[in-house]
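Let me begin by presenting the structure, written as structure tokens, before commenting on it.
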Number of protein chains: 2
Amino acid sequence: MIGDRRINALDQILELVVLINDDMTRSLARDGLTVSRTHLLWELRRHGPMPQRDLAAALRVSARTVTGLVDGLEATGFVSRQPHPTDRRATLVTFTERGLRTVEAMEHGQREFADLLFAQMPAERLDCLTAGLGEILNRLRGLDPARQQPSEGDR
Amino acid sequence: MIGDRRINALDQILELVVLINDDMTRSLARDGLTVSRTHLLWELRRHGPMPQRDLAAALRVSARTVTGLVDGLEATGFVSRQPHPTDRRATLVTFTERGLRTVEAMEHGQREFADLLFAQMPAERLDCLTAGLGEILNRLRGLDPARQQPSEGDR
DNA sequence: CCACACCGTGAGTCATGCTCACTAGTTTGT
DNA sequence: ACAAACTAGTGAGCATGACTCACGGTGTGG
């Protein structure tokens with residue numbers, strides 16, 4: 001029955017989520033990072049130095065929370081606060097040397113991880129996997145942030 | 001280049017992890033549950049009433065943590081503590097009526113979720129997705145709990 | 001009977017995230 | 001040009017969740 005296959009696939013996905021999550025958390029902890037802090041770092045990586053308010057918007061958390069995250073990242077030397085060139089109220093969060101190196105190392109590590117994960121997987125299977133994941137992602141994106149009444153069960 | 005495809009696929013997986021995680025957390029919160037508490041519930045569902053020490057082993061957390069989780073689940077009426085029939089030191093954690101109903105509803109919701117996620121996906125793509133995920137899961141399982149020096153980067 | 005096992009509590013840590021109130025700067029509207 | 005209105009960041013305080021170690025009571029079993 002087709003339903004069983006779907007359940008099966010969903011189970012796989014749920015297990016994947018757990019495993020990746022754990023692995024991520026563990027690996028970040030080794031670097032003295034946490035998930036939220038890393039999200040911030042990635043935002044910075046994508047957009048360059050930015051004021052905290054923009055980070056708050058991008059990460060969808062309150063300004064106060066960003067202050068806390070930046071505090072932590074600053075304390076461990078990944079980012080530093082710089083004066084905003086034109087708005088003296090604002091603070092520009094920028095990478096330190098170390099922060100930049102760390103993020104680059106993470107990108108590199110990610111590449112290695114991808115290679116490890118998909119090693120010896122034939123190209124067509126990889127394509128098909130990508131296509132399938134793409135479909136699923138579209139559906140998931142559709143029911144994520146805005147709506148509130150629509151969805152129902154997940155795990 | 002093949003590496004790019006892999007990075008791509010990994011990015012998809014990472015996004016999937018985030019989306020599913022958020023969705024799960026939100027949906028569980030609606031039921032008055034958290035992820036850890038739900039893990040415990042699932043363990044109970046799989047193995048039936050069990051003493052806390054077994055839960056601790058199954059969930060790989062300390063006994064103290066289990067006490068806390070069970071406290072929470074008991075307070076919200078999902079489980080209850082029963083005396084162990086033969087070992088009077090031990091406590092059997094069992095579902096309440098409500099807990100059982102909730103877990104069954106979650107299973108049902110999961111089925112619906114799977115249908116939603118894979119709706120209109122041709123069978124062969126589903127198969128291929130499953131196969132690909134299976135491969136990845138095997139690799140991930142391999143580097144999860146025991147080893148400590150081996151892996152490297154993830155997100 | 002005594003070492004060990006099962007639970008529970010106390011106390012404390014860390015991460016995340018919220019609100020409220022406040023300061024210091026910036027804009028806007030006359 | 002200047003006050004009113006708003007914005008950026010943060011101090012203080014609170015809650016929740018997950019987890020730990022250390023300690024103690026009670027029961028088991030050799």
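Small disclaimer: the values here were computed from a predicted structure and weren't measured. Values below: all heavy atoms of this structure, side chains included; hydrogens, waters and symmetry mates excluded.
Side chain A:R53 to base D:dA8: no donor-acceptor pair is found below 3.5 Å.
Contact annotation for A:R88: backbone-only contact, meaning every heavy-atom pair under 4.0 Å involves sugar-phosphate atoms and none involves a base. Note on B:S62: a base of the nucleic acid sits closer than 4.0 angstrom, heavy atoms only. Among the protein residues, B:A63 comes within range of no part of the nucleic acid, since none of its heavy atoms lies under 4.0 Å from any strand. Nucleic acid contact class of A:S36 (heavy atoms, under 4.0 Å, all strands): sugar-phosphate only.
A donor-acceptor pair is defined here as one N or O able to donate and one able to accept, closer than 3.5 Å; such a pair exists between the side chain of B:Q12 and the backbone of A:T130. With A:T91 contributing its side chain and A:R81 its backbone, the two residues share no donor-acceptor pair below 3.5 Å. A donor-acceptor distance shorter than 3.5 angstrom exists from the side chain of B:R98 to the backbone of B:T76, with no hydrogens or angles considered. Within the 3.5 Å criterion, the main-chain N or O of A:A119 finds a donor-acceptor partner in the side chain of B:R139.
A sub-4.0 Å separation between OP1 or OP2 of D:dT10 and a side-chain N or O of A:Q52 is present. For B:T91, a side-chain nitrogen or oxygen approaches OP1 or OP2 of C:dG8 to under 4.0 Å. Between B:T34 and D:dT16, a side-chain N or O to OP1/OP2 separation shorter than 4.0 Å is absent.
In this structure, OG1 on A:T102 lies 9.5 Å from CD on A:E97, to the nearest 0.5 angstrom. With rounding to the nearest 0.5 angstrom, the CZ atom of B:R125 is 12.5 Å from the CZ atom of B:F118.
Distance CZ (B:R64) to C1' (C:dA11): 9 Å, rounded to an integer number of Å. Following rounding to the nearest Å, B:L28 (CG) and D:dT16 (P) show an atom-to-atom distance of 18 Å. D:dT7 atom C1' lies 15 Å from atom CG of A:L92, rounded to whole Å. Between the CG atom of B:L59 and the P atom of D:dG17 there is a distance of 16 Å, given to the nearest Å. Distance A:Q82 CD to D:dG9 P: 14 Å, rounded to the nearest Å. As a whole-Å value, the separation of B:R89 CZ from D:dG25 C1' is 12 Å. The nearest whole Å value for the distance from the CG atom in B:D87 to the P atom in C:dG8 is 12 Å. Remark: C1' of C:dA15 and CG of A:L40 are 14 Å apart, rounded to the nearest angstrom.
Of all the residues in residues 65-79 of chain A, A:T67 reach under 4.0 Å from DNA chain D with at least one non-hydrogen atom.
Out of C:dT16, C:dC6, D:dA8, the shortest distance to the side chain of B:A90 is found at C:dC6.
No more than 12 heavy-atom neighbours from other residues, nucleotides or ligands sit within 6.0 angstrom of NE2 on B:H108.
Positionally, the nearest nucleotide of DNA chain D for A:D54 lies more toward the 5' end than for the other of A:D54 and B:V61.
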